[in-house]
Amino acid sequence: MHMDTGDISVDELDGGFDLQATVESGQSYLWRREDGRMYDRTDAHGGDAWYYTVLPSTETETNEPEVLRARQTDGRLEWVASTPNAYAHLEALLRLDDDLDAIIGSTPEDDLVERAYDAYRGMRLVRDPSFACLVSFICSAQMRVARIHGMQTALAEAYGESVAFDGETYAAFPTAEALAAATEAELRDISLGYRAPYVQRTAEMVANGEALPEEARGLDYEAARESLTRFVGVGDKVADCVLLFSLEYLEAVPLDTWIRTAIEDHYPDCEQGNYTDTSRAIREQFGGQYAGYAQTYVFHYLRAGGE
DNA sequence: TATCCAAGGTAAGTT
DNA sequence: AACTTACCTTGGATA
């Protein structure tokens, strides 16, 4: 199998980069750590650990799953991959093409947002494959971050295509067809709980072409959100996550429990009594165009214990 | 050791 | 259209 290795200096990226913060901040559940220590708060500088993801065959030039491993150490981002264009894939998945300095510079003055930006400078949004992102956030309902991650790993190991690379076996995230063929009981057996039928039915909708997450692309933001709520288990909040973490709507601000707490404590005027209006208000508070960046930093900052 | 509770919400049933 | 309630499971907190 092909092997592509290389590295770049993180200084070449506008605004720097923080791999650990990017993949362990609860925006993507599709990266795993080789040492298995995801979300360990005592792991203050796990930043030099190897992480990996497996691109689904639908996202690759070779039409087979591709393994992408990366780590950040001594100011360099290294990769080892089974893909011919590994850096291009890394750049896309981890939004290395974003000009972070410009994005952060365009955010309105705000005490909480600035503290969050200062604490995790270099964290980037992700660009997850849409179906995997959709399933991840359907699973996120009333769940802790570590368990959401565990569910995606379990789904990959049970229903994903496996690929051998560099002496190891890796599991890709399952296709819609594979999950559509699973039964609710099977999905409950891997601890999805009441989310099991949501995942199965949504997978079915995608597999038979009744609706595709990609169909939201290009619609006006609120219409795009509405489009995603067609899927079972997807309300406004999950739809916003898919828009932000996969479909490039960087203005989306998912109203999760942490952001709702932040609104209560810091932006009480933004509370409008319903999702749509509160969402508009906090989006404006965070500067509109890149409001989702501010949301993700604040989410990670508060969840990690900041105030 | 047992019990309780909250975790990145959504769907279905009531007013 | 707005408001309640049930829903799976589990790790960590509390008694």
Side-chain angles (χ1 to χ4, degrees), chain A residues 21-31 36-42 116 120 123 125-126 128 132-155 158 182-205 211 213 225-246 249 252-265 271-279 282-283 286 291-306:
Chain A
T22 300
V23 300
E24 294 197 45
S25 51
Q27 20 163 354
S28 174
Y29 297 96
L30 306 177
W31 289 80
R37 296 181 61 196
M38 293 286 275
Y39 313 116
D40 182 347
R41 293 185 193 184
T42 65
Y120 296 104
M123 183 174 79
L125 286 177
V126 295
D128 274 350
C133 183
L134 181 63
V135 171
S136 298
F137 284 95
I138 288 171
C139 290
S140 77
Q142 296 289 103
M143 271 298 143
R144 291 171 210 276
V145 163
R147 283 204 57 208
I148 302 166
H149 185 265
M151 288 179 182
Q152 309 321 304
T153 302
L155 285 173
T183 65
E184 175 182 334
E186 287 170 353
L187 295 176
R188 283 178 182 269
D189 283 344
I190 54 174
S191 298
L192 265 61
Y194 62 79
R195 304 152 199 81
Y198 300 168
V199 168
Q200 193 278 329
R201 290 173 62 193
T202 286
E204 211 162 53
M205 291 172 75
R225 190 168 67 197
E226 192 64 27
S227 166
L228 289 172
T229 60
R230 289 179 297 167
F231 295 104
V232 185
V234 179
D236 288 330
K237 187 272 174 186
V238 168
D240 266 336
C241 288
V242 177
L243 291 178
L244 181 59
F245 303 133
S246 177
Y249 287 78
V253 178
L255 299 184
D256 56 74
T257 57
W258 293 95
I259 286 297
R260 287 183 182 278
T261 300
I263 289 172
E264 239 176 81
D265 295 348
E271 179 51 61
Q272 299 292 307
N274 66 75
Y275 193 99
T276 299
D277 292 335
T278 304
S279 170
I282 192 69
R283 197 157 66 249
F286 287 166
Y293 250 104
Q295 186 274 357
T296 301
Y297 270 84
V298 167
F299 172 86
H300 188 48
Y301 178 68
L302 292 178
R303 208 180 65 81

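In what follows, chains are A, B, ... by sequence order, proteins preceding strands, each numbered from 1. Not measured: the values here are computed from a predicted model.
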Rounded off to whole Å, could you give me the [atom1]-to-[atom2] distance for the [X] and [N] pair?
X	N	atom1	atom2	answer
Leu192(A)	dG9(B)	CG	C1'	14 Å
Arg260(A)	dT10(B)	CZ	C1'	13 Å
Ile259(A)	dA7(B)	CD1	P	15 Å
Arg195(A)	dA11(B)	CZ	C1'	13 Å
Asn274(A)	dT10(B)	CG	P	14 Å

Near-strand residues of residues 230-237 of chain A, defined as heavy-atom separation under 4.0 angstrom from DNA chain B: Phe231(A), Val232(A), Gly233(A), Val234(A), Gly235(A), Asp236(A), Lys237(A)
Qualifying salt bridge (Lys or Arg N to Asp or Glu O under 4.0 Å) pairs, either residue in residues 182-195 of chain A, two or more places apart: Glu184(A)-Arg188(A)
Any N/O donor-acceptor pair, Tyr194(A) side-chain to dG9(B) base, under 3.5 Å: yes
Arg201(A) CZ: over 12 foreign heavy atoms closer than 6.0 Å: no
Parallel, tilted or perpendicular, as decided by the 30° and 60° cut-offs, for the rings of Trp258(A) and Phe299(A): perpendicular
DNA chain C contacts among residues 136-145 of chain A, heavy-atom distance under 4.0 Å: Met143(A), Arg144(A)
Between the protein and nucleotides 12-14 of chain B, list the N/O to N/O atom pairs that are separated by less than 3.5 angstrom.
none

Where chain A begins and ends its contact with DNA chain C, read 5' to 3' at 4.0 Å from heavy atoms: dC7(C) to dG11(C)
Separation of the P atoms in dT3(B) and dC8(C), to the nearest angstrom: 22 Å
Dot-bracket encoding of pairs in DNA chain B, which uses [ ] for pseudoknotted crossings and | for another strand, Watson-Crick or G-U under 3.5 angstrom: |||||||.|||||||
